[in-house]
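Input: a single structure, listed below in structure tokens.
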Amino acid sequence: MSSHSMPFFDSAEAATLHAIQASGKDPKQIAAALWPDKSVPAARTALLNALNENRAERLTADQHMFVANFCGQYDWLYYASHKCRHSRPHQLTPEAETARINQALQEKARELRGLLDAIDGLNTQKPAPAASPFRVVSV
């Protein structure tokens, strides 16, 4: 779905169905990936039943997310954020995620360097002279 269009859906099922249609992927392919333990026809039937608002079967939130990621279409996520009164999320690019991870690594490296410097400082301090086991007595 393009970032400029923002249809509103009446249900999670309608949003996911729209995402499947917009992706151009075959529902059999999606269903087989969603339920690898089922036969392809049984998985397809289960998917279509779960997306039919007149049926009792429903996808879980995790299954909606799986379909969204599999199809590369995030209508269900936009539907859920709208229903929760949140702003529409923006997909992170691999470059942005790499930059975020690199920044976190640099911060941890600085923290580790500070700890290592503190240990090094402790190791280079001269120990205080040990107390003599002999007592000085004045005569």
Side-chain angles (χ1 to χ4, degrees):
M1 188 165 102
S2 102
S3 61
H4 298 292
S5 63
M6 193 158 114
F8 291 96
F9 301 101
D10 293 328
S11 67
E13 292 73 30
T16 296
L17 184 59
H18 182 268
I20 291 170
Q21 292 167 343
S23 76
K25 295 199 179 201
D26 187 340
K28 285 188 228 177
Q29 180 187 15
I30 297 162
L34 188 57
W35 292 293
D37 55 323
K38 294 184 180 189
S39 69
V40 173
R44 180 184 176 277
T45 299
L47 178 61
L48 296 178
N49 285 343
L51 295 176
N52 182 338
E53 294 179 25
N54 297 320
R55 297 284 201 149
E57 297 93 335
R58 293 287 176 255
L59 296 177
T60 65
D62 285 341
Q63 289 170 326
H64 281 285
M65 285 187 277
F66 178 88
V67 172
N69 283 319
F70 190 87
C71 292
Q73 299 289 324
Y74 299 94
D75 299 297
W76 178 82
L77 181 60
Y78 305 145
Y79 164 81
S81 63
H82 175 74
K83 285 295 187 181
C84 294
R85 296 181 178 204
H86 281 266
S87 62
R88 184 177 181 178
H90 300 282
Q91 188 173 17
L92 296 175
T93 63
E95 296 81 12
E97 192 65 3
T98 299
R100 183 191 65 78
I101 292 168
N102 280 333
Q103 181 180 2
L105 280 171
Q106 288 173 4
E107 289 171 10
K108 293 298 179 187
R110 280 191 294 274
E111 183 180 331
L112 182 58
R113 178 82 274 169
L115 292 171
L116 290 172
D117 288 346
I119 290 172
D120 190 44
L122 292 172
N123 290 335
T124 58
Q125 288 179 355
K126 291 186 179 184
S132 172
F134 301 104
R135 193 166 42 119
V136 176
V137 178
S138 307
V139 187

Does Thr16 use its side chain to pair, donor to acceptor, with the backbone of Glu13 at less than 3.5 Å? no
Kindly assign one of parallel, tilted or perpendicular to the pair Trp76 and His64, based on the angle between their ring planes and the thresholds 30° and 60°. parallel
Partner of Glu57 under side chain to side chain contact (heavy atoms under 4.5 Å, CB included), picked from Leu47, Leu48, Leu51, Asn49, is Asn49
Closest non-hydrogen contact found for Ala43 with Ala32 is CB-N, 4.1 Å
Looking at Asn52 and Asn54, what are the two nearest heavy atoms and their distance? OD1-N, 2.8 Å
Sub-3.5 Å donor-acceptor pair from the side chain of Lys25 to the main-chain atoms of Phe70, do we have one? yes
OG (Ser87) and NE2 (His82) are apart, to the nearest 0.5 Å, by 12.5 Å
To the nearest 0.5 Å, tell me how far Met65 CE sits from Asp62 CG. 4.5 Å
Once rounded to the nearest 0.5 Å, what's the spacing between atom CG of Leu115 and atom CZ of Arg110? 13.5 Å
Closest non-hydrogen atom pair between Ala19 and Cys71, with its separation: O-CB, 4.3 Å
Using a 4.5 Å cut-off on heavy atoms from C-beta on, say whether the side chain of Asp37 contacts that of Trp35. yes
How long is the straight-line distance from OG of Ser11 back to NZ of Lys83, given to the nearest 0.5 Å? 9.0 Å
Quick check: closest heavy atoms across Asp75 and Ala15, and the distance to 0.1 Å? CB-O, 3.3 Å
Donor-acceptor check, side chain of Arg58 to backbone of Glu53, threshold 3.5 angstrom: yes or no? yes
Asp10 atom CG, neighbour heavy-atom count above 12 within 6.0 Å: no
Looking at Thr60, is its backbone amide N or carbonyl O close enough to the side chain of Gln63 to form a donor-acceptor pair, meaning the two atoms are under 3.5 Å apart? yes
Co-membership, hydrophobic cluster, residues Phe66 and Leu17, 4.5 Å side-chain: yes
Distance check, rounded to the nearest 0.5 Å: Leu105 atom CG versus Leu112 atom CG? 11.5 Å
I need the Gln29 CD to Leu34 CG distance, nearest 0.5 Å. 12.5 Å
